[in-house]
2 protein chains.
Amino acid sequence: MVHVKELSIETRLRDCGLRPTRQRIALADLLFAKGDRHLTVEELHEEAVDAGVPVSLATVYNTLHQFTEAGLVRVLAVEGSRTYFDTNISDHHHFFVEGDNEVLDIPVSSIEIGNLPEPPEGMEIAHVDVIIRLRAKKNR
Amino acid sequence: MVHVKELSIETRLRDCGLRPTRQRIALADLLFAKGDRHLTVEELHEEAVDAGVPVSLATVYNTLHQFTEAGLVRVLAVEGSRTYFDTNISDHHHFFVEGDNEVLDIPVSSIEIGNLPEPPEGMEIAHVDVIIRLRAKKNR
DNA sequence: CTTAGTGCAAAACATTTGCAAATGT
DNA sequence: ACATTTGCAAATGTTTTGCACTAAG
């Protein structure tokens, strides 16, 4: 049924030098089928298990790191304890809802950053992350 | 000798509802004496021990969290594993040197952010973090 | 004295790793 | 068949917690 999609994901994995194993295909499906997502390892693992793909937690960790190296996903540093992975690798920024620990995309076009400072000698800019931290507005 | 400074730190702590204990004073001294700093718990602990204040790691954790709640320091989310604490609580941004895991301040004045998107319904902006990730420039 | 703070060791998490068994090519 | 990948369980690294002991007011 979802065979067309799986084929293309298999190709993508192969292009990255990753063997398209059952687990990797299933994880990639979950990651990319539903559009842009922000997930912890734990969340993805649970989704996979719920979807009937009993992959181990260690494999989810390993797979997400492989995907990161392959440039399929990106690591998000928003909160100390858990690592978030972002399936949207295009240039964009994030809302982070404190308390809920929820991450939302901000289209890059909607933010203008000017006057970026010169990086120190011998350094170049790898990436600019903007995180807008949100809290519930207290209604009084 | 450094008594004037210690007195004022004692007052600051007291104002935050924190008893100025030996350990807290020593840690606050290390944090604030040398200007703006970006430290992990481990680093601060080592500094304290080196300075002849044999505080325990757990106390450094507890103290930094208390300082954070009191608004004396700020948590920096730059890198997944370790938590950085920033002694500069004014509005500013950061360079993060990947590989070195080093954090550098960027004066806020030098970056202009325009077109900030509207926060979702019922939310307000708590803080805007800009992290410019740097990598060593490859000289070719 | 009384209460809050500290240190230690153990617990709790998140993440990584080693190795035998399973899978992909 | 052969190399890679997986799963498990154990190891690691970081942070938190429980509780007896110590220090501050």
Can you tell me if the side-chain N/O atoms of Thr83(A) get under 4.0 Å from OP1 or OP2 in dT15(C)? yes

Going by atom types only, do Glu79(A) and Ser81(A) share a side-chain donor-acceptor pair under 3.5 Å? yes

How many whole angstroms separate atom CD of Glu10(A) from atom P of dT23(C)? 16 Å

Atom CZ of Arg82(A) to atom P of dA12(C): distance rounded to whole Å? 17 Å

Within this structure, what is the CG-to-P distance between Leu39(A) and dT15(C), rounded to whole angstrom? 13 Å

What string of B, S and - do you get for nucleotides 20-25 of chain D 5' to 3' if you count protein non-hydrogen atoms under 4.0 Å? ----BS

Donor-acceptor pair, distance only, cut-off 3.5 Å: does the side chain of Arg19(B) make one with the backbone of Arg24(B)? no

Partner of dT25(C) by Watson-Crick or G-U wobble geometry, both contacts under 3.5 Å, or none? dA1(D)

Quick one: is Arg24(B) getting a side-chain N or O under 4.0 Å of the dG5(C) phosphate, OP1 or OP2? yes

Check the distance between dA14(C)'s C1' and Asn101(A)'s CG and give it to me in whole angstrom. 14 Å

Whole-Å distance separating the CD atom of Glu43(A) from the P atom of dA14(C): 11 Å

Rounding to an integer number of Å, can you tell me how far His45(A) NE2 sits from dT15(C) C1'? 14 Å

Taking all non-hydrogen atoms of both residues, which atom of Ala136(A) and which atom of Met123(B) are closest, and how far apart? CA-CE, 3.7 Å

Can you tell me how far P of dT14(D) sits from OH of Tyr84(B), to the nearest Å? 11 Å

Can you see whether Phe67(B) has Arg74(B) sitting over its ring - NZ or CZ less than 6.0 Å from the centre and within 45° of the normal? no

Please give, in whole Å, the distance from dT14(D) P to Glu79(A) CD? 17 Å

Would you call Glu47(B) and Arg37(B) a salt bridge, using N to O less than 4.0 angstrom? yes

Can Ser56(A) and Thr59(A) be counted as having a side-chain donor-acceptor contact under 3.5 angstrom? yes

Can you work out whether Gln23(A) or Val41(B) has the more 5'-proximal nearest nucleotide on DNA chain D? Gln23(A)

Between Arg82(B) and Glu42(B), does any side-chain N to carboxylate O distance fall below 4.0 Å? no

Distance-only polar pair, side chains of Asp36(A) and His92(A), donor-acceptor under 3.5 Å: no

Near DNA chain D, which residues from residues 50-66 of chain A have a heavy atom under 4.0 Å away? Pro54(A), Val55(A), Ser56(A), Ala58(A), Thr59(A)

Applying side chain to side chain donor-acceptor pair (under 3.5 Å) between His38(B) and each of Thr87(B), Asn88(B), Asp105(B), report the one that passes. Asp105(B)

